[in-house]
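A short write-up of the structure that comes next.
Quick caveat, the model's predicted, so the values are computed rather than measured.
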Amino acid sequence: MSRKPLDPEAGRPPEAWRDGYPAVAAWMAKDPDSESFVYRKFDKLSARNLLNLQSELIDLESRQEKFDEESRNSSDQVLKQSNRKWETFAKNAVVREQERQRMELNKEIRAKLREYHETLLLQSQIANLDRPSNRVLSAFHSWFTGGIQPATGAKIDPVLGGRAKDVLDDRPDLVALRTPADKDPLSLFLQNHWPFPVPEDGQGTTGHYLEKHVVWAVAIISTIIAAILLIGAIAGLYIVQKTEWRLIMLSCFTALFAISVGLLTSARRAEIFGSTAAYAAVLVVFVSSNLVTLPPGG
């Protein structure tokens with residue numbers, strides 16, 4: 001998805017197509033790569049909910065510990081047996097008040113603990129979701145807020161009203177359900193400046209591109225650069241005969257290779273160092289073997 005000036009709505013009034021939630025849902029669904037699925041994650045409410053669940057469990061834990069202490073200090077041998085044997089506890093919970101209270105507490109703890117753990121796991125997954133890119137957020141915000149109608153110069157109202165009209169204003173609280181898999185600098189550059197966006201049937205100022213097209217373009221560019229750095233380096237080192245110039249060329253090609261790996265891939269620092277060392281080793285072996293064959297003074 002990218003923002004690009006396109007023909008707006010062919011003279012149709014905004015209210016004819018900006019009809020609230022149907023328009024927002026349709027606009028979000030038009031992105032073939034689903035990058036427009038941007039929502040609030042409500043971090044503050046989530047944290048408050050977890051704190052409340054945690055406090056409820058703390059209270060239940062305190063009640064459980066109180067029951068355990070009463071059982072230890074009780075002279076009731078039946079109650080002590082209920083603490084040692086589940087079958088006895090389950091049987092007595094039907095006919096005795098003390099065991100019945102403990103059984104109800106046990107079921108309450110079980111349900112609340114499951115709710116708490118499920119909420120923790122869900123929140124952990126949500127916390128690992130990426131934020132929307134500035135490109136997607138800029139396109140979404142521009143369409144969502146309306147802006148100015150080019151034909152008349154009139155102000156277009158936000159597509160949603162009420163409190164929902166400010167849903168995109170809290171940027172740190174926004175989350176994208178899907179972001180592009182490739183996040184290397186070249187991929188990000190092409191995503192932000194893709195020259196051939198597909199118009200969205202004349203609606204708004206948003207164009208779309210297919211993520212696979214960016215992947216193909218990056219693969220082609222990377223292959224060409226890799227071939228140039230390898231074949232070009234070997235050819236250059238073969239043509240140049242002076243040892244000093246060869247060493248200078250080897251250093252330059254190695255530096256260019258390290259830069260290209262950093263820009264064209266998502267490699268980590270350790271991977272960049274490793275691949276650069278391997279590339280340099282290939283060139284050093286070639287130079288060393290070639291020096292042996294040179295005549296004296298070459």
Side-chain angles (χ1 to χ4, degrees), residues 1-9 14-50 118-147 156-218 266:
M1 175 193 298
S2 62
R3 185 182 176 191
K4 189 177 183 67
L6 303 171
D7 293 334
E9 285 308 312
E15 58 271 14
W17 50 275
R18 295 172 61 84
D19 56 348
Y21 287 99
V24 177
W27 187 89
M28 295 173 75
K30 282 180 180 178
D31 186 357
D33 297 315
S34 300
E35 286 188 83
S36 56
F37 280 64
V38 176
Y39 302 92
R40 282 192 60 188
K41 52 183 175 177
F42 297 100
D43 276 342
K44 187 176 180 179
L45 289 179
S46 298
R48 182 67 173 268
N49 182 46
L50 282 170
E118 288 176 349
T119 305
L120 274 179
L121 290 175
L122 286 173
Q123 187 59 34
S124 173
Q125 295 175 8
I126 292 172
N128 287 324
L129 291 174
D130 293 327
R131 292 181 180 177
S133 66
N134 289 332
R135 165 182 52 84
V136 171
L137 201 52
S138 175
F140 198 171
H141 191 273
S142 175
W143 179 85
F144 189 88
T145 55
I156 302 176
D157 293 330
V159 67
L160 295 182
R163 291 187 174 90
K165 72 179 187 300
D166 301 321
V167 69
L168 297 179
D169 291 348
D170 191 0
R171 294 198 172 197
D173 198 48
L174 295 176
V175 65
L177 300 189
R178 187 185 183 281
T179 55
D182 295 327
K183 298 180 181 179
D184 55 273
L186 179 59
S187 295
L188 293 177
F189 177 82
L190 291 178
Q191 290 163 11
N192 292 330
H193 303 89
W194 188 249
F196 311 112
V198 179
E200 52 165 338
D201 300 328
Q203 297 186 9
T205 59
T206 305
H208 297 283
Y209 64 84
L210 292 178
E211 183 180 343
K212 63 181 181 181
H213 292 167
V214 175
V215 174
W216 292 343
V218 171
S266 299

* To do: For Val175 and Val38, run side chain to side chain contact (heavy atoms under 4.5 Å, CB included): C-alpha distance rounded to whole Å, both residues' side-chain angles, the deciding distance at 0.1 Å, then the answer.
  => CA-CA 6 Å; Val175 65; Val38 176; over 6 Å; no
Check your understanding: Are Arg40 and Asp173 close enough for a salt bridge, meaning some N to O gap below 4.0 Å?
Key -> yes
When you measure from the side chain of Asp130 to the backbone N and O of Arg178, does any donor-acceptor pair fall under 3.5 Å?
-> no
(Q) Is it the case that the side chain of Ser46 and the backbone of Phe42 share a donor-acceptor pair, with hydrogens and angles ignored and the cut-off at 3.5 Å? (A) yes
- Task: Mind running side chain to side chain contact (heavy atoms under 4.5 Å, CB included) on Glu35 and Arg135 for me, showing each step along the way?
- Result: CA-CA 10 Å; Glu35 286 188 83; Arg135 165 182 52 84; 2.8 Å; yes
> Do the two ring centres, one from Trp27 and one from Phe144, sit under 6.0 Å apart?
Replying inline: no
On a heavy-atom basis, the closest approach of Lys165 and Pro158 is CB-CB, 4.3 Å
Heavy-atom closest pair (Leu174 atom, Pro132 atom, distance to 0.1 Å) is O-CD, 3.7 Å
Report the C-alpha separation of Gln123 and Asp43 in whole Å, then their side-chain angles, then the decisive distance to 0.1 Å, and conclude whether the side chain to side chain contact (heavy atoms under 4.5 Å, CB included) test is met. CA-CA 9 Å; Gln123 187 59 34; Asp43 276 342; 3.8 Å; yes
Could you check whether the rings of Trp143 and Phe140 sit parallel, tilted or perpendicular, using 30° and 60° as the cut-offs? tilted
From [X] [atom1] over to [Y] [atom2], what is the distance, rounded to the nearest 0.5 angstrom?
X      : Y      : atom1 : atom2 : answer
Leu129 : Tyr39  : CG    : OH    : 12.5 Å
Leu120 : Glu118 : CG    : CD    : 10.5 Å
Met28  : Leu177 : CE    : CG    : 7.5 Å

Check your understanding: Any chance CG of Asp169 has more than 12 other-residue heavy atoms, nucleotides or ligands included, within less than 6.0 Å?
Key -> yes
